[in-house]
Amino acid sequence: MAQTASRRYSVVAAAKKGVVNGSNGYSNGYSNGYKAPASDEIFGEDTFSIDVMRQKLPKDVFNAVMATIELGKAIDPKIADIVAVAMKDWAVEKGATHFTHWFQPLTGSTAEKHDSFITPNSGGGAIARFSGKELIQGEPDASSFPSGGIRATFEARGYTAWDVTSPAFIMKNPRGATLCIPTAFASWTGEALDHKTPLLRSMESLNKQALRALELFGVKNVSKVYSTVGAEQEYFLIDEEFAYNRPDLLLAGRTLIGAKPPRGQELEDHYFGSIPDRVLAYMTDVEEQLYRLGVPIKTRHNEVAPAQYEIAPIFENTNIAADHQQLTMQVLRTTARKYGLFCILHEKPFAGVNGSGKHVNWSMSSNTGINLLEPGDTPHDNMQFLFFCAAVIRAVDKHQDLLRLSIATAANDHRLGANEAPPAIISIFLGDQLEKIFVQLEKGKPKKGETKDLLGLGTPVLPPLPLHAGDRNRTSPFAFTGNKFEFRAVGSSQSISFPLVVLNTIAAQAIDELSTEIEKLLKQKKTFEEALQTVLQNVVKEHKRIIFGGDGYSDAWKAEAKKRGLYMKNTSLEAYGAFHDKKNVALFSKYEVFNEREWMAREEIMLDQYFKTINIEGETTASLAQRVVLPAAIRYLRELTATAESSKVAGIKSSGVEKTTKDVNELVDSLRSALDKLVAVNADEGGKDLHSKCKHMYGKVIPAMSKVREFSDELEKVIPDDVWHLPTYQEMLFVK
Ligand code: ADP
Ligand code: MG
């Protein structure tokens, strides 16, 4: 059993890799002599930023580009030619040999196809060239990207279009560099095949409605409103040696079997603990690369589960934040190797310890720097704040189903509602004071001594709302945290774009509706204060059921939520039903974010991913049981029966051996029959259409996998260490 010895050896070897500059002979990719560059000096140096453009472009060209970035003006192809040349020269200086249109297909990750700058010339040599046409539009062979039926295979072409608002950047590799141009990806008929296009459209809708509302408030000089986002990313790091010996981690992104170690996260000593050397070196490297790419990373720390960490940036314009979030995930993954580590972004890589999520912090900001969700210190600012806050409350209540849908993936099902992540029921946490204010608003005149008179009712200002800690509710899926909302139910591996498309669009609609209401009342000769008060009161009356400040993990909340008539769908499969609600189709088409075909295509893609994810898990579980667990158990059984046999010959009564043999034999029987069952359900796809396939996965494959896991984990606990050759939870989670 050569495997056995090597497993033991690799555990020690992995542990040694964590010693910086140790004498173990490993090249860690880091050393004590390294001095990190100043982050402010390198920040954005690999981006074709506004500053770089100001330097490199003729003034009129620069102004034209800025008009596109700031006001959304279409770019003139002649100007694109000039920008392209400047961009190429800049990129070549930085070592780039190729360029790519970088886009976000509906797989949830990013895609790139590289083209060299090289063009042969007539003299037998070559020159580096890059034209405006190549900058503005690309035509990847797109037939293999999911389109949800939008693009028939005979019309495989799609095109990518330059997103001028997100800076081009340079991705380095050990042998060179590539100029990456953020692009949108659409079919030739103009339908969005990506995540960026609807995101930009939703931002435009929000812009339009928020500007209209600000005008009602008499706010001057604002020409643009955009949503802002800061996404906190959780992830796991384990030694790569273990990962490469775990087919489940490699193929499914999570462990499909694995017995809980005697210790998990009970001691809670990892959270915010000191960061292990190797991990810190890795994080520093990741941050350095992200700084160069202009991603404003701000915080790093240990998370709750052993081997779990978090990285978070400073918030940015949503479109850029979404691009940067993708880059963050990419750099986290690729840098791990350099340190002998393996980065796991999956929502639930290890059963029994916390999974990973992404807290998406969201607000709205004007181009003049007003945060629309920031309570101010004048009555006017407060009215404005309450208006936008009320709009969000209305939006979330009206479209709980869409928010739930936007985070529905097979992987996130392991997290939501599992007392470690937000419940699958959407509700809003406002914090004590703000909740009280809304309650008062509904009643009309507040009692003396309470939050006193708001708005036209007397007191000029809101009580100061706590910005930090104390007033936190970790169990809420959607929490107001002082000057932004935090959507906490987003999965760690998913693109943040779809949840943001939903948020922007539902906010746009609510702002639209509330503004219309105010306008109507103004026409009826109400004062602005009266009109606003009526509108806010109506929001509270109509939507207060969504506000919940208690413990979201409790069973009492489930009962209460049911009483309140909140949308409750525990599984993704149920949540996908929201695709067919007429209100949703109408919403997205009215605000020009998705037409009906685009919307229904999303359903097909999400279902397809759900089906494939579980299908792969089912096959991988079966293969592990068949090729790893069962053989190990049988080897052990052979040892046991041989011992029992020889004991008998020697005349020794060995009840311990007999009992162990019997137990192991029973477990082998159970595993075998669970495996047979799994193989049988795997062989069947459950039907022809995606819906029945997904139902089959949920109803048949998942339970069959759980059964296999149950007996496999039982066996893992009794099989001798030297016969078990898969890395264990203990090794993966505690060797750092
Ligand atoms: P926490 O205590 O949850 O870590 P922080 O104040 O550190 O809270 O913020 C978490 C995230 O929220 C950061 O990424 C931060 O940039 C982001 N954030 C702060 N203000 C805003 C805003 N106005 N819009 C969007 N995100 C914001
Ligand atoms: Mg947070």
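Residue numbers count from 1 along this sequence. Whatever order the structure lists them in is the order used to number ligands and atoms, beginning at 1.
Residue Arg474 has no nitrogen or oxygen atom sitting less than 3.5 Å from a nitrogen or oxygen atom of ligand 1, judged on distance alone. For a threshold of 3.5 Å applied to N or O pairs, the pair formed by Pro313 and ligand 1 contains at least one separation below that value. Close N/O approach between Val229 and ligand 1 is not found [any backbone or side-chain N/O within under 3.5 Å]. Of the N or O atoms in Asn361, one or more lie within a sub-3.5 Å distance of an N or O in ligand 1.
By the side chain to side chain contact (heavy atoms under 4.5 Å, CB included) test, Ser365 pairs with Tyr226, Thr228, sequence neighbours left out. In this view, Lys73 satisfies the salt bridge (charged side-chain N to carboxylate O under 4.0 Å, His left out) rule with no residue, not counting sequence neighbours.
Just one of Arg474, Lys348, Arg488 meets the salt bridge (Lys or Arg N to Asp or Glu O under 4.0 Å) condition when paired with Glu420; it is Lys348.
Contacts with ligand 1 closer than 4.0 Å are made by no heavy atom of His359, backbone or side chain. When heavy-atom distances to ligand 1 are checked against a 4.0 Å cut-off, Glu232 comes that close only through its side chain, counted from C-beta outward.
Residues Phe480 and Phe385 place their aromatic rings such that the two centres sit under 6.0 Å apart.
Checking Ser356 against Gln308 by side-chain atom types alone, a donor-acceptor pair falls below 3.5 Å. Side-chain N/O atoms of Thr368 and Asn221 include no donor and acceptor closer than 3.5 Å.
Between His324 and Gly294, the closest heavy-atom pair is CE1-O, 3.2 Å.
Judged by the shortest distance from any of its heavy atoms, Lys298 lies outside the 4.0 Å radius around the atoms of ligand 1.
For ligand 1, the atoms sitting less than 4.0 Å from at least one non-hydrogen atom of Ile314 are 16 (O), numbered in the order shown with element in parentheses.
Between Asn371, Val360, Asn317, Ile297, it is Asn371 that holds the heavy atom closest to atom 23 (N) of ligand 1.
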